[in-house]
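Right, one structure below, let's go through it.
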Amino acid sequence: MAPSLRAFPPRLSEIGLDVDQLRDGTLAERLRLPPPAQNHRGRHALLGGLIGGVSGVIACTAISNLVNDAGTGFSTCDTKAYLGFGLGGAAIGAVIGALVK
């Protein structure tokens, strides 16, 4: 037999809750809210470092092309410059990423 529409919503006593039990808990418990989000500082620092490292390599290539004589083609940095710009960008990006909430 299908339940009648008068049975909905179920009464608190039918589902095993007492009104006093609902009043005793905190607001979050009464509303059954999920726990607060975790702090993702490490993930933000990692992503900021990756973005900063890529930006550093792109900046090194752009500066190298701007300094290079016109008409000589595409120019790239040497390995030391790439490491310097990449690591510097990664460090700055990681610090900024760690500060973002």
Side-chain angles (χ1 to χ4, degrees):
M1 178 174 168
S4 68
L5 292 177
R6 292 183 186 173
F8 291 100
R11 298 185 187 277
L12 292 174
S13 59
E14 292 175 0
I15 58 174
L17 291 176
D18 186 18
V19 177
D20 294 331
Q21 289 175 340
L22 291 176
R23 288 187 187 138
D24 290 341
T26 64
L27 181 62
E29 291 171 351
R30 286 186 280 162
L31 295 177
R32 295 186 181 143
L33 297 176
Q38 296 178 355
N39 189 355
H40 298 290
R41 185 168 295 206
R43 183 174 64 181
H44 289 173
L46 177 66
L47 288 174
L50 289 173
I51 292 169
V54 170
S55 299
V57 170
I58 291 172
C60 183
T61 303
I63 291 170
S64 176
N65 278 318
L66 290 174
V67 172
N68 197 9
D69 293 333
T72 58
F74 185 71
S75 174
T76 58
C77 296
D78 61 345
T79 306
K80 289 181 183 179
Y82 272 138
L83 283 174
F85 273 89
L87 290 175
I92 292 171
V95 168
I96 292 172
L99 294 177
V100 172
K101 290 186 178 184

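These values consider heavy atoms only, across backbone and side chains, with no hydrogens, waters or symmetry-generated copies. Just so you know, these numbers come straight off a predicted model, no measurement behind them.
- When all heavy atoms are compared, the tightest approach of T61 to C77 is N-SG, 3.9 Å.
- G56 and F85 get closest at one heavy-atom pair: O-CB, 3.3 Å.
- The CG atom of L87 sits 11.0 Å away from atom CD1 of I92, with the distance rounded to the nearest 0.5 Å.
- Note: L47 CG to I96 CD1 = 13.5 Å, rounded to the nearest 0.5 Å.
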